[in-house]
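To start, the structure itself, in structure tokens.
Quick note: residue numbers are just sequence positions, from 1.
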Amino acid sequence: AEDMLVEALVNLNVPTITPTSLPTPTPDPSPPDQILAQAETAITESDWDTAINKLLALRAKDPTFEITRVDGLMYIALRSLGMDLISSGLMEEGLYNLSLAARFGPLDRDALFRETLARQYILANSYIVLNWARAADLFGPLCEQGATLDSCPKYGEAAWSYGEQLKDADDICGAAEYFTASLAAWPNSDLEEEAEDAVEDCEESRRPPPTATPEFTPTPTPTPEGNGGGNGNGG
């Protein structure tokens, strides 16, 4: 249910990227079969940009040449480029390339998952400064999954900033929790002392007050009653 809620929020808050036409290819004087071979080599070397450019040039030279093969290679190149861009933190560019890849074939599960993470990242990033608590909630899962190179630093920043807000509101235990989570995700030696102080203050606030020891009041020893004067046997 939580995952579905996140997806719903993403779709409500992030505009859909409408694919535009592919870039204008650079003319290539090579014969079609040679251009195709060059594109395949580029894909083998994970050189996605070169592969896309070669395939575009091939399509411009001869739109009917190896249509199924060219479309399949174009899908691989665009999908892979989109995945790499998202992993590098270039969300919009990555989503754009995935949307182009979807024109050549349905996106696989991994690509759809990465697409969802990218949209969640964009949504989470929109809460930075405006709502630290919400930003921390959204960046937390992204950090755990290693969605992008900066997901954990983003979560660390959001969690620490929200912890400071809790501290200012006298919620020292809530602050200690977010301070600790922040440093666990993205260590920062300059902040360790403040986090430790918050943890100690929280533990101190949870200790029960000492039980007062009642003062001991000694019971006075009763004085024996006297017998009056002497026994008067005087002579």
Side-chain angles (χ1 to χ4, degrees), residues 1-126 138-139 141-151 154:
E2 182 179 350
D3 293 340
M4 293 174 69
L5 175 60
V6 168
E7 184 176 355
L9 289 172
V10 168
N11 291 330
L12 282 173
N13 288 274
V14 179
T16 301
I17 297 177
T18 303
T20 58
S21 59
L22 291 166
T24 302
T26 301
D28 191 323
S30 305
D33 57 342
Q34 186 175 340
I35 299 175
L36 180 60
Q38 293 170 350
E40 291 174 333
T41 299
I43 287 178
T44 302
E45 297 173 352
S46 299
D47 186 355
W48 314 123
D49 286 319
T50 297
I52 292 169
N53 289 332
K54 291 294 181 181
L55 293 169
L56 289 174
L58 175 57
R59 181 59 55 81
K61 178 180 286 290
D62 186 352
T64 62
F65 183 81
E66 295 280 358
I67 296 177
T68 302
R69 180 62 178 162
V70 172
D71 284 353
L73 293 175
M74 184 67 80
Y75 172 86
I76 293 173
L78 289 169
R79 173 200 174 276
S80 300
L81 178 59
M83 298 278 277
D84 286 355
L85 290 170
I86 289 173
S87 296
S88 301
L90 300 173
M91 302 301 162
E92 291 84 357
E93 294 89 335
L95 288 172
Y96 170 72
N97 279 277
L98 287 182
S99 68
L100 291 178
R103 297 170 60 183
F104 294 91
L107 295 177
D108 60 279
R109 182 176 180 180
D110 289 342
L112 290 172
F113 177 68
R114 187 69 62 179
E115 183 182 48
T116 300
L117 291 181
R119 293 184 181 278
Q120 182 175 337
Y121 179 98
I122 293 173
L123 176 61
N125 212 42
S126 70
L138 290 172
F139 272 119
L142 293 174
C143 174
E144 292 175 1
Q145 299 173 59
T148 66
L149 297 176
D150 65 345
S151 292
K154 289 276 190 178

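D62 is linked by a salt bridge (Lys or Arg N to Asp or Glu O under 4.0 Å) to nothing, counting only residues two or more places apart in sequence or in another chain. Residues satisfying the side chain to side chain contact (heavy atoms under 4.5 Å, CB included) test with D84, not counting sequence neighbours, are W48.
A heavy-atom distance below 4.5 Å is found between the side chains of Y75 and L107. Looking at F65 and I35, their side chains never come closer than 4.5 Å, going by heavy atoms from C-beta outward. A 4.5 Å side-chain heavy-atom check between L78 and I52 finds at least one atom pair inside the cut-off. Using a 4.5 Å heavy-atom threshold, the side chains of D110 and M83 count as touching.
Looking at every heavy atom in both residues, L81 comes nearest to D49 through CD2-OD1, 3.5 Å. Taking every heavy atom of both residues into account, A42 and A51 meet most closely at CB-N, 3.7 Å. The minimum heavy-atom distance between A39 and L55, with the atom names listed, is CB-CD2, 3.7 Å.
When atom types are taken as modelled, the side chain of T50 and the backbone of D47 share no donor-acceptor pair closer than 3.5 angstrom. Proximity of a side-chain donor or acceptor of E115 to a complementary backbone N or O of A111 within less than 3.5 Å is not detected. Of the possible donor and acceptor atoms, none in the side chain of N125 sits under 3.5 Å from a partner among the backbone N and O of Y121. A donor-acceptor pair is defined here as one N or O able to donate and one able to accept, closer than 3.5 Å; no such pair exists between the side chain of E93 and the backbone of L85.
Contact check on E40 versus R69 returns a salt bridge, with a Lys/Arg side-chain nitrogen under 4.0 Å from an Asp/Glu carboxylate oxygen. Salt bridge status for D71 with R59: present, with a side-chain N to carboxylate O gap under 4.0 Å.
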